J.: 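The structure's right below; bear with me while I get my questions together.
Reckoned from all heavy atoms, side chains included, excluding hydrogens, waters and symmetry mates. Quick caveat, the model's predicted, so the values are computed rather than measured. Position 1 is the first residue of the sequence, and the numbers go up from there.
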Amino acid sequence: MPVRIRRLSLLLAALSASAVVASAQSESNPSPDPAAAKSAADKLVGVWVGSIVLDEEKLSRQLRGDGIPADRIGPAVEQAAERVRQTTLELEYESDGTYRAAFRNGDRSETNAGKWEVVGVSDGIVTVRTTSSRNVDDGERSPGQGTPDVETDAEGKEAKVETFTLELIDADHIRMKQPRLEKAHIKHFDFTRKKPDADASQPTNGRLDS
């Protein structure tokens with residue numbers, strides 16, 4: 001397996017539910033207008049099913065630069081694309097300010113839960129702040145992923161506090177970009193709103209499976 005493809009596989013294997021929904025940022029965000037924040041939050045409430053969009057052209061260029069033979073680049077890119085296709089992401093934002101996130105890749109499955117709030121709104125870009133129990137091994141994070149801020153909640157437990165941005169494409173589609181994943185040749189995450197009747201086997205309230 002080419003080195004770059006191996007790195008992508010390792011990154012996807014290490015990507016946790018909390019890493020999926022957060023890209024730590026050091027800068028602070030000014031408080032948004034309450035009405036604008038509520039409007040943005042209302043648009044995010046629901047269940048979202050996501051996929052990873054791989055930058056295949058950029059990956060091909062990188063493989064050529066690494067000296068990979070031309071006849072092996074196509075199969076290597078397809079291998080990476082298949083690895084990405086096997087990854088599923090789910091986000092659930094509740095109107096009461098709680099959220100759940102799920103990450104699945106092959107036989108690896110992980111969920112994360114906590115609280116969320118809109119802390120910034122600008123030209124269709126929404127900045128969200130999440131606070132979750134520190135139940136994910138930070139040692140699994142890949143180099144360059146960054147480390148979230150850590151706070152102590154009312155019960156004295158450590159909690160992760162992270163922020164990330166979402167682009168509101170339309171009522172049923174949002175896009176998440178994470179520059180820290182560019183080294184893995186990932187363009188962005190695309191999420192589609194999950195309709196309550198999308199799958200008869202799912203609960204009619206549209207919640208993620210427990």
J.: To the nearest 0.5 angstrom, please state how far the CG atom of Asp190 sits from the CH2 atom of Trp48.
T.: 11.5 Å
J.: Can you confirm whether Lys195 sits close enough to Asp172 that some side-chain heavy atom of one is under 4.5 Å from a side-chain heavy atom of the other?
T.: yes
J.: Between Arg104 and Glu90, does any side-chain N to carboxylate O distance fall below 4.0 Å?
T.: yes
J.: Taking the side chain from Asp96 and the backbone from Thr98, do they hold a donor-acceptor pair closer than 3.5 Å?
T.: yes
J.: Applying salt bridge (Lys or Arg N to Asp or Glu O under 4.0 Å), can you list everything that pairs with Glu117, at least two apart in sequence or on another chain?
T.: Arg129
J.: Suppose we screen for side chain to side chain donor-acceptor pair (under 3.5 Å). Which residues come up paired with Lys115, at least two apart in sequence or across chains?
T.: none
J.: Does the side chain of Ile52 reach to within under 4.5 Å of the side chain of Leu89, using non-hydrogen atoms?
T.: yes
J.: Looking only at heavy atoms, which two atoms of Phe191 and Met176 are closest? And how far apart?
T.: CE1-CE, 4.0 Å
J.: Less than 4.5 Å apart, any side-chain heavy atom of Arg83 and any of Thr87?
T.: no
J.: Kindly work out whether a path of hydrophobic side-chain contacts (I/L/V/M/F/W/Y, heavy atoms less than 4.5 Å apart) joins Ile68 to Leu54.
T.: yes
J.: Are Val49 and Thr192 side-chain neighbours, meaning at least one heavy-atom pair lies under 4.5 Å?
T.: no
J.: Do Thr130 and Phe164 come close enough that some side-chain heavy atom pair is under 4.5 Å?
T.: yes
J.: Could you check whether any side-chain N or O of Asn105 sits under 3.5 Å from a backbone N or O of Arg108, counting only pairs where one atom can act as donor and the other as acceptor?
T.: no
J.: Can you pull out every salt bridge (Lys or Arg N to Asp or Glu O under 4.0 Å) where at least one residue sits in residues 36-45? Sequence neighbours excluded, please.
T.: Lys38-Asp42
